[in-house]
Each structure stands twice: as C-alpha cells, then as structure tokens.
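Down below is the structure, laid out as structure tokens.
Position 1 is the first residue of the sequence, and the numbers go up from there.
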Amino acid sequence: MATMESLIGLVNRIQMACTVLGDHGGEDMSLWEALPTVAAVGGQSSGKSSVLESIVGRDFLPRGSGIVTRRPLVLQLHKIERGTEYAEFLHAPRKKFTDFAIVRKEIEDETERLTGKSKTISNRPIHLSIYSPNVVNLTLIDLPGLTKVAVEGQPDSIVEDIEMMVRSYVDKPNCIILAISPANQDIATSDAIKLAREVDPSGDRTFGVVTKLDLMDAGTNCLDVLEGRSYKLQHPWVGIVNRSQADINKNVDMMAARRKEQEYFESSPDYGHLAHKMGSVYLAKLLSRHLESVIRQKIPSIVALINRNIDEINAELDRIGRPIGVDGGAQLYTILEMCRAFDHVFKEHLDGGRAGGDRIYGVFDRQLPAALKKLPLERHLSTSNVRKVVSEADGYQPHLIAPEQGYRRLIDGSLGYFKGPAEASVDAVHFILKELVRKSMAETVELKRFPSLQAEIAAASNEALEKFRDESRKTVSRLVEMESTYLTAEFFRKIHAESDNNPRDIHKNKHSTTSHPNADRYNDHHFRKIGSNVSAYIGMVCDTLKNTIPKAVVYCQVREARRSLLNLFYTQIGRKEKEQLGRMLDEDPMLMEKRETLSKRLHLYKSARDEIDSVSWK
C-alpha cells in the first residue's frame, strides 16, 4: 500500500495544480473540493494562527489585535527530504522566499492590495506553499477569526460576512474542521465549537484544539475538555501551548518552542498522563493519519470524479476542435478536413438531408410557370399588332399567300420575352445556392473556430457560384435563341393542312370571296388567324422551355455546385505558403484561451489519475 506521505503528498500536488489552473470551486464539485483539506476555525485571539505556526515550525503569520487574518490563507505544506526551507506564493510564481519575516510582510501586503488599510475582509484567498523537512504533507486553510461585534472601521455586516466566509469552507463535506478554542474560555461559548456543531453535528469531521493551557488560573485545568467529558467529539481533543508574548518578543525559535511545549506537558501534574497525545507535533501527525484514512476512503469517488471530468473535457474539446499542428502539412490537412465537413453539410442541403434544396424545385415548379404566364403575349399577338408587324415585314410588296417574314418577326418578338423568366430562374437558384452556402457555413461546427478560414471558403464558394451562374445564363439564353433560330416548319404545315380540310374554314373562305370579291383580302379574320397560329406555336415552345430551362439550370449550377464548389479554393490553397495557411487557421483568441485551459485541465486530471494509480497500491 502507499505510504501516508505519498498519498497526502499526492493530494497536495493535485490541489496545487488545481489552484494554478483556477479549478477551485464552481457549480459542479471541482477536483479541489473532492480532496480533503483542513480549515482552522476559531474566534479572534483564540490562538488559531499560533497553532498553524506551531504545525509549520515557522513564525510567518501576521500578528496584532482585532482582525488580523482578513483573507483566507490556503497553506500547502510539502515535506522535502533535505535542503533549505522556502516558501512560494501563487501570485508571485517562481519567486522563492527563504526569509519568513518577508513571507509575513508579503501576506500583509497582498491582503492590503485587495482590502486596503481598512479592517474589511475579502473572500479571495492567498495561496502559500511551504517546502520544509520539518512539516508533514498537509493543506491547511487559515480563516478570519469569528467575531461578535463590529469595531470602528469595520462595516456593520462584518460579523455575518466572516461567518458566511467561514461556512463556505467548512460546509463542504470533505473539509476537516480544526475547531480552536482558548482554555481560559468556557467551551460551551466557543464560537468554533458552536459553528462546528452546526455544520458537522455528528462530529466526524471535527478536531477540537484547546490553546493557552498555560494561561489558565492557578488551581484550574482543562481535563474535562481534553478527556471529552465537557463536550465529546469523535476524535480526541488536543491541547496546545503557544509561545508566550515574551518568547515572541525574543524571537524564540519555533523548534525550541516545540521542545518547550513538550516539556510543559511532560512535567505538568495535570496533563502528564496525556503528554503523548498533546502538542503541535502530535496534532500534525494526528491530522496526517486522519487525512490518510479519509483519502483512502475517497479514492474511488475521486477517481470517478476525475474520469467524469476527463470525459466532459474530451467532449468539449471535440466540440470546439482539437489543437492543430504547426507544420504546413498538418495545417493543410486541417483545412482540407474543414472543407470536407463544409462540403458534406452543403450536399445534405441539396440532396434533402437538410432543408433548403426543395426551394430550388420551387423555382421550377411555381416561379418559372408563373412568370411565363405573365408574359405580354396577348398584347404582342393582338390583331392590331399582328397587322402592324406583318405590314412592316411585307414592305412595299404585300405577301402573296402566307406572310412568312411576318410570322418570323412575330415569333422572334414573342420568344424575346422568354429571356426574362429564364434569367430570373438562374438568378433565383443562384440566390438559393448562396444562402445554402451561408447556412452550411454556420452549421459546420468544425469551422466555427476559424473565422478567417470561414471567410476564405465563403469567398471562394461565392466566386464559384458566380461562375456557374454566368454559364447558366449563357445556356438558357442559347435555349431561347435556338428556338428563334430554327422554327419547326412541320408545325405550320400541319396547321395549314388542318385548315384546308376543315369544312367550316372552306365555306367561310368561299363566302368571303363570292360575297365580297372586291373586299380587302387582309381583313381582321386573316390577321387573327395569323396571331392564333403564332400563339399556338409559342405555346408549344413555352412547354418545351418549361422543361429545358430547369434542366439547363440544374446542369450548369446545381450539378456544378455539388461537384466542384470548392475546386477553385483547392487550387488557391495549393499555392499558399505555410505562413498564409497559418493565417487562415487564425482562431478566435477567446476560443484558443478556452482550449488551452481545457487542455491544461485535461492534463491535470490525467496526471492525477495516473498518480493515484501509481501510489494507491504500492
């Protein structure tokens, strides 16, 4: 099995990493909160800071009257085998403090940086790590002393503010409460015990510490408390003898103070039989043994929490995208992968997997027929206009049998109207394709992290769509022009033959000739007949174009967009240098920062899991 030092040292290292990464608190229980810590709780002037100094073996905490501790101090003790003791602050990384008087000054300065010279408090913790061969691996939290009244210079809410701050730590189920009370105070009125009883009614997490045993009135002792008769806890009470004010003034060494403390208990007629279970050295070992027990119990739940966080971080990294390589090949590969993802979404829109492609069919099924119906063919083929066009086509020599030039001019004029709806269909499909590019860009999750690449792909796609539109315009214009260039003569021969074989037309022609031999042979009936013939032919052509225009648009625009939308872009990136590719993969700084944080947290959790696996069963 792992040694006590290795387990607690592991927890210390994980807590330190959590602190550096800011993985400390939040809506979900963080890894920090899942790890056991020890919080020192006591009233003002209870000797709380002196107890912590005794455990560390160094004089380093600010002293004075009133509220001295005005910010939580997260104190992480790291046992080293040999070497010089030193301290490090999280707010001053890579700076080692070997003079602990300077450590005290730094705590004071850092406290005043947030709270100023006033007597207000802040819940922003100061993080201090101490490396020493004279400590046990442990994380201790020194909290502001509980108070009952606000003094001058403090806000009226100071009493509630301090209690809320202390509760925010001791309420956590993994917090071990070091309830510190002075021996010269009735334990029933102890602020620390009162609070501990409220948050830990079973007493499983509470260690009672009695200070200032040497300052009790002559003839009195604290045995009822230390032996658990006054107030029983699940864990044994521990008595502490702090340095006297005279010792502090004389700068008595903390190691010498430890020896003096032990001598006091061993020579005391009241506490001699408890001497082996008293003192700051015993308290530190007691806490370490308990921490080891708690850690062993918590290992399965800690590992489960770590695995859950690893899964969540991996899922989030997959969502926002993994880090990319810095070499040109990796960058080009990433760009091509982004293009494939975008192209896949775009094709889904066209093929019906996503909404949008149906709008193209709507252009052919509704918009184009509606536009063709609105063509001004009735006006163009009115009797008066037919007369005018045919007369102009005949010139000085009226036509003999059928006005062929007039027919051609009427047909050309009618077909000219078809170019508008044909080109409108091209433009409508072009607009839909551009909209699908925009939607596909927004729906391609992988591309969201690269705004520059998004812009490049969008620009290249739209440029390609413009090219497809131009080709489609030419094609539909050719379709209309082809109908005008070569007329279907068989259609008119068939009409003429049907007219000759129709008895009503024969009778009408004879009656017109015999009744009015001198009448103008080019009467309204004649021109209405011409207009009717042209209208029938244009109707036939309209039905043809109604089918061929959609085919041309799909072939030139939709088919090409599906097959080669990004071909132009592929050609462009193939000629780009590594630096240009890098600029295309320039991400949103906030997203990059988020990924870096997630990657560090992922590394932390994986390292923590590996370390737990390596030490748990040694």
>> Ring-plane angle category for Tyr131 and His78, please: parallel below 30°, perpendicular beyond 60°, tilted otherwise.
In response: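 Geometry flag for His78 against Tyr131: parallel rings.
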> Angle class for the His290/His235 ring planes (parallel below 30°, perpendicular above 60°, tilted otherwise)?
Replying inline: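 The arrangement is perpendicular - the two ring planes meet at more than 60°.
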> By salt bridge (charged side-chain N to carboxylate O under 4.0 Å, His left out), which residues pair with Asp186, not counting sequence neighbours?
Replying inline: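 So Asp186 forms no salt bridge (charged side-chain N to carboxylate O under 4.0 Å, His left out) with any residue.
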Is [X] salt-bridged to [Y], cutoff N-O under 4.0 Å?
X	Y	result
Glu108	Arg104	no
Arg259	Glu263	no
Glu261	Arg243	no
Lys95	Glu88	no
Arg113	Glu110	yes

Among residues at least two apart in sequence or on other chains, which ones pass side chain to side chain contact (heavy atoms under 4.5 Å, CB included) with [X]?
X	value
Lys194	Glu198
Val225	Ile187, Val210, Cys222, Ser230, Trp237
Leu598	Ile313, Glu316, Leu317, Ile320, Lys594, Arg601
Val303	Ile299, Asn307, Ile612

>> For residues 270-284, which residue pairs pass the salt bridge (Lys or Arg N to Asp or Glu O under 4.0 Å) check, not counting sequence neighbours?
In response: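 Output for this query is empty, none listed.
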>> Please report whether the ring centroid of Phe97 lies less than 6.0 Å from that of Phe60.
In response: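 No, too far apart.
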Do [X] and [Y] meet the criterion of a side-chain donor-acceptor pair at a distance under 3.5 Å?
X	Y	answer
Thr111	Arg70	no
Lys212	Asn242	no
Gln262	His276	no

>> Quick one, Ile121 and Ile158 - any side-chain contact, counting heavy atoms below 4.5 Å?
In response: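 Ile121 reaches Ile158 side chain to side chain.
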